[in-house]
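Worksheet: one structure, shown below.
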Amino acid sequence: MLTAPQKIHFETFGFLHLQQVFPAGEMAEIIAAAEDCWQELLAAEPGAAAAVHPAPFIEKRPRLAQLAEDDRIFLPIRQLLKPGFIWGGSEGHKSLLEDAPPHQWHCDRVGEIDLHYTRIKIMIYLQPLQRKTGALRVLPGSHRLPFHRRLEVLQPSKGGTASKRFGVDGAALPFFPLEVMPGDVVVFNHYLFHSVYGKQSRRRYIAMKFADAPETREHYEALRDHGQDASRLADEFRYSERPRIKGMVEKLLAWEEHLAAGG
């Protein structure tokens with residue numbers, strides 16, 4: 001459970017760093033299950049050059065699927081989102097390069113529906129990361145207006161980089177580093193601007209996404225634009241009878257049925 005100051009921190013700055021949520025023994029199980037999933041993918045599709053990035057991911061292994069309903073993930077998300085929040089999917093990234101290019105400053109959900117529809121991403125990294133070796137860098141408060149609007153020029157879709165827009169290299173922008181150890185959990189608002197520089201070789205992480213329940217067609221279409229609507233649900237979650245999983249997908253399924261009926 002989050003404390004009141006932690007909730008205020010998330011609302012104000014757009015992120016939380018929860019340290020040592022999962023002990024070493026559990027992390028060993030999580031890493032083993034993730035590696036098994038990646039190795040299966042690589043065996044089926046040999047020749048991947050840069051990275052493997054399957055989505056959905058945790059749904060494909062029972063040990064990983066437990067993460068979505070684990071109290072240490074589920075209860076904080078329940079505190080940060082409105083009642084009836086939904087599952088937004090998962091991904092698992094494994095770099096195959098010794099020297100990966102930087103991830104320039106951007107946000108995942110720039111300017112959509114005036115930032116009022118909250119979506120959250122949770123990251124679990126499978127190795128230590130420091131600011132110079134690929135730790136996530138964030139711009140605190142950039143999920144809120146007017147700061148968010150001032151930074152939209154950085155979006156790759158707008159052809160922006162820090163060098164072009166602000167005259168400095170992206171690595172030189174003021175930032176807060178989320179330096180992590182295995183077992184830590186990073187929680188951030190999907191509208192928050194972030195980047196990665198100095199990527200460590202073999203960088204690996206698991207990501208899980210959650211969002212407020214869609215209340216309008218605009219909300220649902222925003223989910224669909226990013227592959228988070230009901231059509232992208234893995235069967236393991238679509239047909240789950242586990243109460244927490246079922247609760248997180250039922251509103252997506254209701255929207256799918258409503259729109260299929262011409263609503």
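Source: prediction; values computed, not measured.
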Considering only NZ, NE, NH1 and NH2 on the basic side and carboxylate oxygens on the acidic side, decide whether K121 and E91 come within less than 4.0 Å.
-> yes
Enter the distance from L80:CG to E11:CD here, rounded to the nearest 0.5 Å.
-> 7.5 Å
Validation row, ring centre H106 to ring centre H194 under 6.0 Å = yes
Flag side-chain contact, heavy atom, 4.5 Å: L139 against W105 | yes
Taking all heavy atoms of M123 and all of A207, pick out the closest pair and write down the distance.
-> SD-CB, 3.7 Å
Salt-bridge present (E26, R72; N to O < 4.0 Å) | yes
Side-chain heavy-atom pair C107, S142 within 4.5 angstrom cut-off = no
Hey, could you give me the NZ/CG distance between K246 and L253, rounded to the nearest 0.5 Å?
-> 10.0 Å
Are a donor atom and an acceptor atom from the side chains of R109 and H226 found within less than 3.5 Å of each other?
-> yes
Does a side-chain heavy-atom distance below 4.5 Å link I77 with I120?
-> yes
Supply the atom-to-atom distance L233 CG to M248 CE, rounded to the nearest 0.5 angstrom.
-> 10.5 Å
Ring centroid separation for F188 and F10, is it under 6.0 angstrom?
-> no
CD of Q104 to CD of Q155, rounded to nearest 0.5 Å, is 12.0 Å
Carboxylate-amine/guanidinium contact D36 R63, below 4.0 Å = no
Minimum heavy-atom distance between P54 and G92, given as atom pair plus value = CD-O, 2.9 Å
Is it the case that R137 places NZ or CZ above or below the six-membered ring of F175, under 6.0 angstrom from the centre and within 45 degrees of the axis?
-> yes
Any side-chain heavy-atom pair of K209 and R119 under 4.5 Å = no
Rounded distance [0.5 Å steps], CG in D212 versus OG1 in T118 | 4.5 Å
F15 and V187: CA distance, side-chain angles, deciding distance, side-chain contact (heavy atoms from CB on, under 4.5 Å) verdict | CA-CA 5 Å; F15 68 92; V187 185; over 6 Å; no
Could you tell me whether R204 and E35 have a side-chain N and a carboxylate O separated by less than 4.0 Å?
-> yes
Can you check side-chain contact (heavy atoms from CB on, under 4.5 Å) on R203 and Y125, steps first, answer last?
-> CA-CA 8 Å; R203 187 168 178 267; Y125 294 95; 3.7 Å; yes
Minimum heavy-atom distance between M181 and Q20, given as atom pair plus value = CB-NE2, 3.9 Å
Search all heavy atoms of E179 against all heavy atoms of D184 and return the closest pair with its distance.
-> O-OD2, 4.2 Å
How far does CG of L64 sit from SG of C37, to the nearest 0.5 angstrom?
-> 7.0 Å
Pairing of E221 and R217 as salt bridge, 4.0 angstrom limit = yes
Can the ring centres of F57 and W38 be said to be less than 6.0 Å apart?
-> yes
Quick one: do K60 and E40 make a salt bridge, cutoff under 4.0 Å?
-> no
Using a 4.5 Å cut-off on heavy atoms from C-beta on, say whether the side chain of Y117 contacts that of E218.
-> no
Check: E250/W87 side-chain N/O donor and acceptor closer than 3.5 Å = no
Worked check of side-chain contact (heavy atoms from CB on, under 4.5 Å) between Q127 and Y205 | CA-CA 8 Å; Q127 77 271 53; Y205 66 76; over 6 Å; no
Between F193 and H143, is the gap from one ring center to the other below 6.0 Å?
-> no
Tell me yes or no: between the side chains of S231 and E256, is some donor less than 3.5 Å from an acceptor?
-> no
